[in-house]
Amino acid sequence: MAVTSRPRSRPSASQYEFRVVSIPASASRSDVRQLLTEQAEYGRWELARHRIYLGGARKVWLRRRIIRVASTL
């Protein structure tokens, strides 16, 4: 039985813009949740990656799609 794999049709990383947010360890979990929720609702950002470091500091990578508008002229 041969196993074949198809490449997935994913948008490349160049079609996204990224924002890196560093959050200090002193920030509460509810404050972090509120910050990320506001970014998602109003800035149209989505969570790409989240790291929690020793000591409690966090680094969050947010991404959103780049919308290219074609000229109609």
Side-chain angles (χ1 to χ4, degrees):
M1 180 172 155
V3 177
T4 59
S5 64
R6 267 189 306 166
R8 294 181 184 175
S9 58
R10 272 177 57 184
S12 66
S14 64
Q15 294 178 351
Y16 288 99
E17 65 179 303
F18 290 86
R19 173 184 284 178
V20 179
V21 180
S22 296
I23 303 169
S26 60
S28 69
R29 191 173 183 174
S30 62
D31 290 340
V32 173
R33 184 180 66 234
Q34 181 179 2
L35 170 77
L36 295 176
T37 301
E38 288 174 359
Q39 293 294 320
E41 287 182 5
Y42 303 116
R44 301 188 66 160
W45 292 96
E46 64 184 28
L47 183 65
R49 186 174 187 177
H50 179 234
R51 306 255 344 225
I52 301 175
Y53 295 101
L54 290 174
R58 294 178 168 105
K59 191 175 271 192
V60 177
W61 286 262
L62 302 171
R63 72 177 186 179
R64 69 178 169 188
R65 251 194 133 116
I66 297 173
I67 300 172
R68 290 185 169 57
V69 179
S71 176
T72 59
L73 297 177

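Throughout, residue positions are numbered sequentially from 1 according to the sequence presented.
Distance check: Phe18 CZ to Ile66 CD1 gives 9.0 Å after rounding to the nearest 0.5 Å.
Contacts of Arg64 classified as side-chain hydrogen bond (donor to acceptor under 3.5 Å, both in side chains), with partners at least two apart in sequence or in another chain: Glu17. Contacts of Glu46 classified as salt bridge (charged side-chain N to carboxylate O under 4.0 Å, His left out), with partners at least two apart in sequence or in another chain: Arg63.
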Would you list the atom pairs, donor with acceptor, under 3.5 Å between side chains in residues 51-60 and any protein atom, with sequence neighbours excluded?
none

Which pairs of donor and acceptor atoms, one on a side chain in residues 24-40, lie under 3.5 Å apart (sequence neighbours left out)?
residue, atom, partner, partner atom, Å
Ser28, OG, Ser30, OG, 3.3
Ser28, OG, Asp31, N, 3.2
Ser28, OG, Asp31, OD2, 3.0
Gln34, NE2, Glu38, OE2, 3.4
Thr37, OG1, Arg33, O, 2.7
Gln39, OE1, Arg19, NH1, 2.8

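Under a hydrophobic-cluster definition in which Ile, Leu, Val, Met, Phe, Trp and Tyr are linked whenever side-chain heavy atoms come within less than 4.5 Å, directly or via other members, Leu47 and Trp61 are assigned to different clusters.
Of all the heavy atoms in Leu62 and Val21, the pair that sits closest is CD1-CG2, 4.1 Å.
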